[in-house]
Each structure stands twice: as structure tokens, then as C-alpha cells.
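Keep in mind it's a predicted model, so treat the numbers as computed, not measured.
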Amino acid sequence: MKVTRLPKDTGPAAWNALLDPATPNPLETKITADWLVIGAGFAGLAAARRLAQNNPGDSVVVLEATDIGEGPVGRNSGFMIDLPHVLTSGDYTDGTDAGDIQANRLAIDFALEAAAEYGLPEEAIAIRGKINGAAGAKGLRHNETYARHLEALGEPHEMLDAAAMHRITGTRYYRGGLWTPGTAMLQPALLARGVAKGLASNRVRVHDQSPVTRLVREGAAWAAETPKGAVTAPRVVLAVNGHVESFGGFENRLMHVMLYASMTRALSGEEITALGGEPRWGITPADPMGTTVRRIADTGGHRIIIRNRCTYAPGMALERADIGRIAADHDRSFAARFPQLAGVEMEYRWAGRLCLSRNGAPAFGEIEPGLFSACCQNGLGAAKGTFNGVAAADLASGVESAFVAHQRVQPEPVRLPPKPLMAIGAPATIRWRELAAGLEL
């Protein structure tokens with residue numbers, strides 16, 4: 001396989017930029033290993049850790065195309081969600097059941113165990129819960145529907161009124177909210193870099209700035225070539241999300257979109273006082289196409305993150321100017337929610353890749369002998385990526401587990417409509433749903 005596209009990320013990964021610069025460790029020689037993991041995001045790091053657990057004494061190598069924490073893992077909003085969260089639905093609930101919740105919680109537990117093992121701080125990952133924020137009547141109705149779904153599943157939740165939302169967030173923008181306790185909040189780049197460092201201390205070789213440009217079968221093994229080195233291993237886990245298509249897998253079955261986010265500069269003491277509210281919280285919008293908002297108060301100071309807008313990106317790449325066109329929307333959403341913070345600038349703006357399948361299925365399994373895929377996270381990269389990585393490692397190791405059992409009953413991604421129809425229909429559908437989100441955007 002000649003890899004047709006390498007990852008191209010636009011704008012700084014703000015979570016990574018808040019941390020001290022890391023020392024790169026590119027692969028610069030030819031080596032052999034028992035296991036090779038391609039990709040060091042949520043899925044790849046989880047797969048590497050599980051492979052080391054399943055196969056003590058085996059050598060494991062991880063190759064990452066960019067810097068650890070610089071790709072999609074450092075470009076999300078930092079929610080590791082346990083409950084139904086289907087982005088293609090009107091209120092997150094379509095087609096989800098208790099099995100999906102159990103899978104997400106297994107992933108969260110695995111990530112928490114890794115953080116504890118490697119001595120990572122609560123800033124990296126902690127169970128804090130989240131709020132579905134509702135700005136208008138439509139959002140309130142979405143929350144009521146979602147609450148009924150949670151009630152049927154026996155899941156704890158609490159409805160919040162406008163006064164409670166103001167007390168928590170400092171903004172009077174929201175008319176209500178739906179709080180659920182099980183979401184883990186992340187500093188995703190800190191988590192990824194901490195896990196990568198922990199793996200390296202356990203004799204897993206992790207090489208960043210080492211994009212795989214060619215993957216070829218050589219007898220009973222696979223050979224992965226990078227610009228300055230190569231790895232030969234009998235078993236390979238692809239943990240590259242949408243870029244599995246760049247390796248020739250799941251062609252015309254995955255939809256690629258870009259999400260956009262902005263992060264403020266650190267707030268001053270006077271601005272923190274003017275804002276009020278609690279120092280840490282996270283809001284996902286009642287309408288999936290609305291605005292996600294987070295407030296953080298750790299490395300880099302008190303800041304607010306705004307995430308909204310989605311564009312169809314079949315080429316999985318953008319130019320810097322594309323982010324500039326979205327920036328005004330972020331600024332309007334921020335100003336509407338936080339008029340008391342007029343004059344606070346955005347320090348970071350970025351785009352992040354997201355991969356969906358038409359039927360919500362993962363791109364998972366042994367796609368060729370010794371070649372396993374843990375891809376297509378369907379908008380829940382932190383939870384589903386971690387889960388898919390563990391499941392792929394168990395499958396490749398011949399280990400029967402709850403991870404593998406869950407994946408065995410999942411369908412394969414179905415084919416997308418022809419590309420000319422996608423080029424017209426996908427952007428139109430996305431934009432129509434954004435406009436329909438109204439005040440939630």
C-alpha cells in the first residue's frame with residue numbers, strides 16, 4: 001500500500017500549545033518488532049497499552065505522523081462522553097442503547113486506569129460530568145426528549161433551570177440544561193503525551209514525526225516505511241481514523257468533515273470576577289449542530305473554548321483561510337454568551353478532522369491477514385477511539401473480551417452515495433442543520 005495522503009492539520013492544536021514543548025523522537029533506523037501500531041491518538045495509544053498488557057515480553061512500536069498531541073487528539077473539545085451522543089441525530093439518541101453506554105464506560109475506565117498508572121494529574125482526565133445547554137425553546141424540547149430517553153435507560157440526570165445555568169457558567173444565555181454525571185473531561189494533549197511517555201517507560205517504542213508512507217506485505221510480516229526508517233512486524237494495528245482510506249481500506253464508506261474551535265487568551269483576574277460562575281465546566285449543545293463551550297482553569301490559566309460549525313472535507317485538509325471564514329461565527333457565539341467579557345480575544349483557532357460512517361458503524365476488524373483496523377470513531381473520538389483501540393488489540397491478540405464481544409455485533413460501514421451526490425448533498429445538509437439549530441448555535 002502506497003499511502004495516498006498524509007495528515008494535514010490546520011491551525012495550532014491549542015491544548016498542545018498550552019504545554020511545554022516536547023522533544024521529538026522520529027524513527028531514523030530500520031527495526032523489527034512483534035507489533036506495530038500506526039497512529040498515536042486515542043485509539044493508537046490505547047491499542048499499544050493493551051498489546052503490552054496482553055503480550056508481556058513482546059516488542060511494540062508506535063509510529064505517529066506528527067507530534068504527539070498535535071493531531072486530532074489535541075484538537076477536540078476534551079469530552080469523553082459515556083452516554084448516547086449521536087451527532088447525526090436531532091437529539092443524540094438515535095440508535096443507541098445500554099450496550100453503547102457500557103462500551104463508552106469501559107473506554108473511560110481504561111483511560112482512567114492508564115492515567116493512574118502513569119501518574120497523570122486530574123487536569124489530564126477526571127470525571128466531572130457535563131451539561132446539555134439549551135438556549136431556546138427548541139433546545140429545551142431536545143433536552144426533554146433526551147431526559148425521557150435517559151429515564152428509560154435508568155440513567156441519572158438532573159434538569160437545570162436558567163438560574164442554575166447562570167450560577168454554574170456566569171452567562172444568562174441558557175434557559176436550561178440537562179446535567180449528567182459520567183463524562184470525563186480531558187486536557188487531551190496532556191493525556192496523550194502522558195500516556196505516550198508512560199508507554200515508553202514500559203519498553204514500548206513511541207516515535208513521533210514518523211509518517212508511514214508505504215505499507216507492504218513481505219512474506220509473513222508487514223513492512224512500514226517512514227521518511228528515515230522502517231518497521232517490520234507480523235501484526236499491525238491501523239489507528240488512523242479517517243486516514244484508513246489513505247491506506248486503501250473502507251473506500252467510499254467514510255464521510256470526512258472538519259470541526260472548528262477557538263480558545264481565548266488567559267482571562268485576567270478582573271475578567272474572572274466579571275464572569276463569575278464555576279472555574280471548570282463543559283456544555284454540549286442540546287442540538288448536536290449547536291455550540292460546545294468549555295471553561296478551563298488549569299495549565300495556561302482560565303480560558304473559554306468555543307466549538308461550532310462543520311464543513312464537508314472529503315480531502316481531509318484545509319487551508320488557513322478556511323478557519324478565518326469561521327472565526328466570525330465563533331466570535332458572535334462568544335459575544336452572545338459572554339457580553340461581560342467584551343474585548344477578550346481568541347488566542348488560538350484551529351480545525352480538526354472527524355470521520356463518520358453513514359450507519360454509525362466503526363471501520364473495525366482484520367482487513368487483511370495480520371492487519372487490523374481501529375478506525376472511524378463517529379464523532380466520539382476520545383471514548384470510541386479508546387474503545388476501538390483496545391478492541392483491536394484484543395482481537396489481534398486472540399483475547400476474548402467485552403470489547404471484542406461488542407464489536408462482533410457491529411455492522412460494517414455502508415457505502416456512501418456517489419461522490420457527485422455527496423459533493424452537493426453533504427454540504428447542503430450540514431448547512432441546513434446548522435441554520436435549523438437557531439439559538440443553540
| message | Quiz question: by atom type and distance under 3.5 Å, do the side chains of R265 and Y348 form a donor-acceptor pair? | response | no

| field | CZ (R203) with more than 12 external heavy atoms under 6.0 Å | value | no

| said: Check whether D208 reaches the backbone of N25 with its side chain - one donor and one acceptor, N or O, closer than 3.5 Å. | reply: yes

| said: Take a 6.0 Å sphere around CD of Q53 and say whether it holds more than 12 heavy atoms from other residues, nucleotides or ligands. | reply: yes

Identify every side-chain donor-acceptor pair in residues 33-41 under 3.5 Å, counting partners at least two apart or on other chains, and give the distances.
residue: D34; atom: OD2; partner: S59; partner atom: N; Å: 2.8
residue: D34; atom: OD2; partner: S59; partner atom: OG; Å: 3.1
residue: W35; atom: NE1; partner: D58; partner atom: OD2; Å: 3.0

| note | Smallest heavy-atom separation, I283 atom then F79 atom, equals N-CZ, 3.8 Å

| request: Given salt bridge (Lys or Arg N to Asp or Glu O under 4.0 Å), test E151 with R148 step by step and report yes or no. | output: CA-CA 5 Å; E151 186 73 28; R148 288 193 294 270; over 6 Å; no

| remark: Between the CZ atom in R50 and the OG1 atom in T386, the distance rounded to the nearest 0.5 Å is 12.0 Å

| field | L178 side chain reached by I131 side chain, heavy atoms, under 4.5 Å | value | no

| query | Taking atom types as modelled, is there a side-chain donor on Q407 or N388 under 3.5 Å from an acceptor on the other? | reply | yes

| Mind checking whether E434 and C310 have side chains closer than 4.5 Å, heavy atoms only? | yes

| query | Given E117 and R49, is the salt bridge (Lys or Arg N to Asp or Glu O under 4.0 Å) satisfied, shown in steps? | reply | CA-CA 11 Å; E117 179 181 350; R49 180 169 182 261; 2.8 Å; yes

| Close side-chain approach of H256 to C355, heavy-atom, < 4.5 Å | yes

| query | How long is the gap from OG on S333 to CD1 on I306, to the nearest 0.5 Å? | reply | 6.0 Å

| Check: L120 main-chain N/O paired with E123 side-chain donor or acceptor under 3.5 Å | no

| query | Would E347 and R303 count as a salt bridge (Lys or Arg N to Asp or Glu O under 4.0 Å) if you check the C-alpha gap in whole Å, the side-chain angles of each, and the deciding distance to 0.1 Å? | reply | CA-CA 10 Å; E347 183 172 357; R303 296 170 184 260; 2.8 Å; yes

| Any idea which heavy atoms bring N54 and S397 closest together, and the distance? | ND2-OG, 3.5 Å

| task | Take the angle between the ring planes of F334 and F338 and call it parallel below 30°, perpendicular above 60°, tilted in between. | result | tilted

| Would you find a donor on one side and an acceptor on the other, under 3.5 Å apart, between the side chain of E64 and the backbone of T66? | yes

| query | Hey, does R433 have a side-chain heavy atom less than 4.5 Å from the side chain of P288? | reply | yes

| task | With salt bridge (Lys or Arg N to Asp or Glu O under 4.0 Å) as the test, would you mind laying out the steps for E155 and R105 before giving the verdict? | result | CA-CA 13 Å; E155 290 294 334; R105 288 177 177 160; 2.6 Å; yes

| message | Under 3.5 Å, is there a donor on one side chain and an acceptor on the other for N308 and D329? | response | no

| task | Determine yes or no for a side-chain-to-main-chain donor-acceptor pair under 3.5 angstrom, with N378 supplying the side chain and G360 the backbone. | result | yes

| Between E368 and R217, does at least one N-O distance fall below 4.0 Å, as a salt bridge requires? | no

| task | Determine the minimum heavy-atom distance between D394 and S401, stating which atoms define it. | result | OD2-OG, 2.7 Å

| query | Mind checking whether T311 and P427 have side chains closer than 4.5 Å, heavy atoms only? | reply | no

| request: Please determine, by modelled atom types, if H243 and S246 share a side-chain donor-acceptor pair under 3.5 angstrom. | output: yes

| Centre of Y260's six-membered ring, under 6.0 Å away, within 45 degrees of the axis: is that where NZ or CZ of R307 sits? | no

| remark: Contacts satisfying ring pair (Phe, Tyr, Trp, His ring centres under 6.0 Å) that involve residues 353-394 (not counting sequence neighbours) are F387-F403, F387-H406

| query | Does the side chain of L441 reach to within under 4.5 Å of the side chain of D287, using non-hydrogen atoms? | reply | no

| field | Any W281 side-chain heavy atom under 4.5 Å of K130 side chain | value | no

| field | Polar side chain donor-acceptor pair, Q187 to D298, under 3.5 angstrom | value | no

| Thinking salt bridges, do E122 and R280 make one under a 4.0 Å N-O criterion? | no

| task | Tell me, please, which residues at least two apart from Y118 pass ring-ring contact (aromatic ring centres under 6.0 Å, His included). | result | none

| field | Pairing of R353 and D9 as salt bridge, 4.0 angstrom limit | value | yes

| Side-chain H-bond candidate by donor/acceptor type, N16 with R75, under 3.5 Å | no

| said: Is it the case that the side chain of D322 and the backbone of L318 share a donor-acceptor pair, with hydrogens and angles ignored and the cut-off at 3.5 Å? | reply: no

